[in-house]
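Just so it is clear: chains get the letters A, B, ... in the order the sequence lines come, proteins before strands, and each one is counted from 1.
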Amino acid sequence: MTSMKRRIFLKGSLATGAVGMAVSTGLLTPRDSLAAWSKTAFEATDVNGSVAALFGSSNMDQSDKIKIKAPDIAENGAVVPVSVTTSIDGVSSISIFADKNATPLTADFQLGPGTEGYVSTRIKMGKTANVVAVVKAGDKLYSSSKEVKVTIGGCGG
Amino acid sequence: MASIKMRAKITDGVTTVKVLISHPMDTGLQKDKKTGKKIPAHFIQEVVCKHKDTTVITANWGGAISKNPYLSFKFSGAAAGDMLNISWVDNQGEKDSTEAAIK
């Protein structure tokens, strides 16, 4: 009889253990509270798909008013400095993509009313690829790209 | 945990802000060389910078931002001595914030 009770007790504690696990894993998943953080856009595997997830459309005009400053050859793909400057009026967002990365979207910047069309950051690049900047101004999307060669050997090729 | 370093400097009405955050920025794709297990994704998802009550910039980041992220931007409409507030949240729910005066 005592051993039976022990069985039941063990079963019970295991069950609550499982529930506890479920709750804690539920808490650990990325929260929905970050409404602006688009999971679809960050997990998209191509630039157009990601742009569509971010802005609802992937119709982009090439623009020479967007300047991307990045090295021609990056010896270390883990740290590639990228600056985007645009002279387009009324810029509301700037997004930076590395088109050969498994998930191309690296960053999306929402700019406030007084913020200038300029951002600078450092991104990771898996291999030689185009760095694509997409700028939203008014209802239109503009893009520009620049090729960055990534050397893995680190000999400065 | 002071993970943020921020400098803001005003010249001719335009404030240039430079931010350096210490964070591992793990993509979730890398393997630990010793154990062979994947290192779980751990990266900053959102950085918000505020001047008074106006949001100057909201950065949504993925795992493809380099370790110990650097961010720089410019905005107008502030004066020397104003306080800037910056905060970040990562995908594991950790967060930090700090304030700095514009010089």
Side-chain angles (χ1 to χ4, degrees), chain A residues 27-31 33-44 50 53-54 69 74 76-85 91-126 129 131, chain B residues 10 12-21 23-30 40-79 82 84 87-95:
Chain A
L27 285 171
L28 280 172
T29 51
R31 282 110 355 93
S33 58
L34 289 174
W37 201 83
S38 167
K39 198 169 185 289
T40 355
F42 277 99
E43 285 179 357
S50 184
L54 272 181
K69 198 177 145 200
N76 182 1
V79 186
V80 182
V82 176
S83 304
V84 178
T85 313
V91 175
S92 58
S93 90
I94 296 175
S95 310
I96 302 171
F97 301 84
D99 73 353
K100 294 277 167 57
N101 279 9
T103 51
L105 180 58
T106 64
D108 158 49
F109 299 94
Q110 304 292 327
L111 308 183
T115 311
E116 301 204 346
Y118 165 83
V119 283
S120 175
T121 188
R122 299 190 295 216
I123 66 169
K124 293 176 196 164
M125 291 179 71
V131 172
Chain B
I10 190 161
D12 301 331
V14 177
T15 309
T16 305
V17 186
K18 291 177 181 173
V19 188
L20 203 54
I21 305 171
H23 198 281
M25 298 300 280
D26 289 317
T27 55
L29 306 170
Q30 209 177 8
H42 189 198
F43 56 86
I44 295 175
Q45 284 189 307
E46 195 181 68
V47 183
V48 181
C49 182
K50 284 184 176 171
H51 167 244
K52 292 176 181 167
D53 286 331
T54 320
T55 303
V56 178
I57 195 166
T58 306
N60 294 308
W61 284 351
I65 293 291
S66 303
K67 182 181 172 181
N68 298 335
Y70 166 78
L71 168 67
S72 174
F73 54 92
K74 296 174 183 175
F75 73 102
S76 51
D82 284 0
L84 272 180
S87 59
W88 60 258
V89 182
D90 72 19
N91 67 326
Q92 296 186 0
E94 288 175 24
K95 56 182 85 174

Is it true that a side-chain atom of A/Thr115 and a backbone atom of B/Phe75 form a donor plus acceptor pair closer than 3.5 Å?
-> no
Does the B/Ser66 side chain pair with the main chain of A/Ala78, one donor and one acceptor, at a distance under 3.5 Å?
->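 Checking the backbone N and O of A/Ala78 against the side chain of B/Ser66, a donor-acceptor pair under 3.5 Å is found.
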A/Thr106 side, atom OG1; B/Ile65 side, atom CD1 - distance, nearest 0.5 Å =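 If I round to the nearest 0.5 Å, the distance is 4.5 Å.
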Point-to-point distance, once rounded to the nearest 0.5 Å, from CH2 of B/Trp61 to CD1 of A/Ile123 = 12.5 Å
Could you tell me which portion of [X] (side chain, backbone, both or neither) has an atom closer than 4.5 angstrom to a non-hydrogen atom of chain A?
| X | result |
| --- | --- |
| B/Val48 | neither |
| B/Thr55 | backbone |
| B/Lys67 | backbone |

Turns out that what part of A/Val80 lies under 4.5 Å from chain B's heavy atoms comes down to backbone
Against chain B, label A/Tyr118 side chain, backbone, both or neither, depending on which of its atoms sit under 4.5 Å from a heavy atom there.
->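 Interface part for A/Tyr118: both.
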Largest heavy-atom contact set with chain B, pairs under 4.5 Å, which of A/Glu116, A/Glu43, A/Lys124 = A/Lys124
Side chains of A/Val119 and B/Ile57 in contact at under 4.5 Å (non-hydrogen atoms) = yes
Can you check whether A/Leu111 reaches B/Phe73 side chain to side chain, under 4.5 Å on heavy atoms?
->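 Counting from C-beta outward, A/Leu111 and B/Phe73 never come under 4.5 Å.
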Report the option among B/Gly62, B/Ser72, B/Pro69 that has the most heavy-atom pairs separated by less than 4.5 Å from atoms of chain A.
->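 Maximum pair count with chain A is reached by B/Ser72.
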Nearest heavy atoms of B/Leu20 and A/Arg122, plus distance in Å =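 Taking every non-hydrogen atom into account, CD1-NH2, 3.8 Å.
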